[in-house]
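Along the sequence shown, residues carry numbers from 1.
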Amino acid sequence: MAFDFLVPVDDKLIAHCELLPAQALGNKIHKHTQRKGLPVLANASFAIIGVNESRNAFEKKTETLDLFEVRRQLYKLMMGNWSNTIVDLGDINEGEAVTDTYFVVKEIVAELIEEDVVAIIIGATQDITYPSYRAFDGLRSMVNLVSVDSRFDFGDADELISSHSYLSKIITDKPNNLFNFSNVGYQSYFCAQEEIDLMEHLFFDAYRLGEISANITLAEPILRNANIVSIDLRSIKASEISMSENFSPNGFNGKEICAIARYAGISDKVNVFGIYEGENTPQSFQLTAQIIWYFIEGHNYRVKESPLVKSEDFTKFIVPTDDEDLIFHKSNLTNRWWVEVPTILSSHNKSNIPALLSCMEQDYFDACNQIIPERWFKAYKKGFN
């Protein structure tokens, strides 16, 4: 059983929790310990897992990620007004081969998905996104992946999987369950024009750092459709997290990345939330902990709603355009918007109901002015391919 490979939380951390206030997360999280073993998953909302696998790092790491310090900072934070149960399953250490580590990650995440427990992964390198994606094999026909990253991570066609090429592996490997990939926060000077063209060719979504920073709410509908969210901490500006040469002067600030994490938590589809590529610095440990806190905070405000399930809670708008009538739905409870994408009906939707794409109110206004939302158009085109 894959859970047998999990290493318990360090006893020093358990002792440290005794010194914390009763309201601290360290005294609320159910932990995998040497003495008590694994916590019960029944009724758990989140499971925290550390993955200290870095052999496929693009920039070779001289030291392993200090998961002890990440946890110490997380445990110090105060519990919000949450009703969620959080468990810490401990760590997955390097297997004999990288594929062994991948197998354990895949099996554990698949089990958590089946138990309806959200996996929060703290990983040394972002290639751990690949086995997290493979965990959906046989569980879900199509998967939406959102990466918060300054790069696209396609890599070269003949390159072995690494933290800079895991996406190529996801796209090319069978079974291909990836329906959509969205990048949030890419920086053009890190991305070859061929990569940008490939994103367009595959009808994937990409949002530049400047777009998202100018209006952080643009990230919400993107994350609302995600099953997996993968955050590369190198998308954060160096002054906010680490002065290492692996980090850029430009990137998200701490407030922006925490807002993105909160949006990810609010999404009722996210099953896997991964944070990768951290450095062993006090700022990195603290910000990683705060990102996790905001993700859990967002989850507390999740509202499961669908205009196709309970239409009386929504207002329906039909916008005629030259080629197609666009059907929008606005929630009367949360003021969130969706638009129907009819052409996905035959190829990706076996329940014989229109597919829904999350969107913004501005998309509705644009459609009224005969400007077709770009994300709707890409989803529409996917229905023909």
Can you establish whether the number of heavy atoms outside Q362 located under 6.0 Å from its atom CD is more than 12? yes

Can you confirm whether the side chains of N56 and Y166 place a donor and an acceptor under 3.5 Å from each other? no

Side-chain heavy-atom pair D91, I49 within 4.5 angstrom cut-off: no

Please tell me if the side chains of E279 and I241 come closer than 4.5 Å, counting only heavy atoms from C-beta onward. no

Show your working on salt bridge (charged side-chain N to carboxylate O under 4.0 Å, His left out) between E305 and K310 and close with a plain yes or no. CA-CA 7 Å; E305 56 180 356; K310 208 170 181 182; over 6 Å; no

Would a distance-only check, ignoring hydrogens and angles, find a side-chain to backbone donor-acceptor pair under 3.5 Å from S54 to A124? no

When rounded to the nearest 0.5 angstrom, what distance separates CG in L233 from CD1 in I231? 7.0 Å

Tell me whether the rings of F152 and Y186 are parallel (<30°), tilted (30 to 60°) or perpendicular (>60°). tilted

My understanding is that only residues two or more places apart in sequence, or in another chain, count here; which of them pass side chain to side chain contact (heavy atoms under 4.5 Å, CB included) with E240? I236, K237, N253

Does atom CG (N43) have a neighbourhood of more than 12 heavy atoms from anything else shown, all under 6.0 Å? no

I want to check a possible cation-pi pair here: R224 against W338, using under 6.0 Å from ring centre and within 45° of the ring axis as the test. yes

May I ask whether I29 and M78 are part of the same hydrophobic cluster, defined by side-chain heavy atoms of I, L, V, M, F, W, Y residues being less than 4.5 angstrom apart, directly or through others? no

Are any non-hydrogen side-chain atoms of C359 and W376 less than 4.5 angstrom apart? no

Tell me, please, whether F190 has R151 positioned over its six-membered ring: NZ or CZ under 6.0 Å from the ring centre and within 45 degrees of its axis? yes

Donor-acceptor contact present, side-chain S230 to main-chain G274, <3.5 Å: no

Does atom CZ of F103 have more than 12 heavy-atom neighbours from other groups under 6.0 Å away? no

Taking only residues two or more places apart in sequence, or in another chain, which ones meet E297 in a side chain to side chain contact (heavy atoms under 4.5 Å, CB included)? W82, R262, W293, Y301

Is it the case that one hydrophobic cluster holds both I14 and L20, taking links as side-chain heavy atoms less than 4.5 Å apart, direct or via other members? yes

Within the structure provided, determine whether I275 and I121 are in side-chain contact (heavy-atom separation under 4.5 Å). no

Salt bridge or not for D232 and R234, using N-O below 4.0 Å? yes

Give the intermediate values and the outcome of side chain to side chain donor-acceptor pair (under 3.5 Å) for residues S331 and T334. CA-CA 6 Å; S331 168; T334 63; 3.2 Å; yes

Quick one: does K330's side chain have a donor or acceptor within less than 3.5 Å of a partner on W337's backbone? no

Taking C-beta and beyond as the side chain, do N177 and D137 meet within less than 4.5 Å on heavy atoms? yes

Taking everything shown except F5 itself, do over 12 heavy atoms lie less than 6.0 Å from its CZ? no

For A219 and Y263 the tightest heavy-atom approach is CB-CD1, 4.3 Å

Using a cut-off of 6.0 Å, state whether more than 12 heavy atoms not belonging to Y294 lie near its atom OH. no

Using a cut-off of 6.0 Å, state whether more than 12 heavy atoms not belonging to Q193 lie near its atom CD. yes

Is there a donor-acceptor pair closer than 3.5 Å between any side-chain N or O of E220 and the backbone N or O of T217? no

Test salt bridge (charged side-chain N to carboxylate O under 4.0 Å, His left out) applied to E69 and R71, step by step: CA-CA 5 Å; E69 282 299 321; R71 281 191 172 89; over 6 Å; no

Aromatic ring pairing Y130/Y133, orientation class (parallel under 30°, perpendicular over 60°, tilted between): tilted

Correct closest heavy-atom pair for Y189 and S248 would be OH-OG, 4.5 Å

Is K31 close enough and on-axis enough to Y75, meaning under 6.0 Å and within 45°, for cation-pi? yes

H30: which residues meet the side chain to side chain contact (heavy atoms under 4.5 Å, CB included) condition with it, sequence neighbours left out? P39, T85, V87

Counting N and O atoms only, with roles assigned by atom type, does the side chain of T172 sit under 3.5 Å from a partner on the main chain of S168, one being a donor and the other an acceptor? yes

Modelled atom types, side-chain donor and acceptor of N180 and D205, under 3.5 Å: yes

Is there a donor-acceptor pair closer than 3.5 Å between any side-chain N or O of D100 and the backbone N or O of A97? yes

Under 3.5 Å donor-acceptor, E195 side chain and A192 backbone: yes

Consider only side-chain N and O atoms of D11 and T33, and report whether a donor and an acceptor are under 3.5 Å apart. no

Counting only heavy atoms from other residues, nucleotides and ligands, does the tally under 6.0 Å from CZ of R208 exceed 12? no

Identify which one of V105, V143, V51 satisfies the side-chain contact (heavy atoms from CB on, under 4.5 Å) criterion when paired with S132. V105

At their closest point, which heavy atom of I327 faces which heavy atom of H329, and how far apart are they? CG2-NE2, 3.7 Å

Verify, without hydrogens or angle tests, whether T321 (side chain) and I372 (backbone) share a donor-acceptor contact under 3.5 angstrom. no

Hey, does the side chain of S358 reach the backbone of P221 with a donor-acceptor pair shorter than 3.5 angstrom? yes

Do N225 and R375 have side chains that approach each other closer than 4.5 Å (heavy atoms only, starting at C-beta)? yes

List the steps and the verdict of side chain to side chain donor-acceptor pair (under 3.5 Å) for S150 and Q187. CA-CA 5 Å; S150 58; Q187 298 175 39; 4.6 Å; no

Nearest non-hydrogen partners of A135 and V109, listed with the distance: CB-CG1, 3.6 Å

Taking R72 for the side chain and L67 for the main chain, is one N or O donor matched with an acceptor at less than 3.5 Å? no

Is there a path of hydrophobic side-chain contacts, each under 4.5 Å between heavy atoms, that joins I371 and Y364? no

Assess whether atom CG of D116 is packed by more than 12 heavy atoms of other residues, nucleotides or ligands within 6.0 Å. no

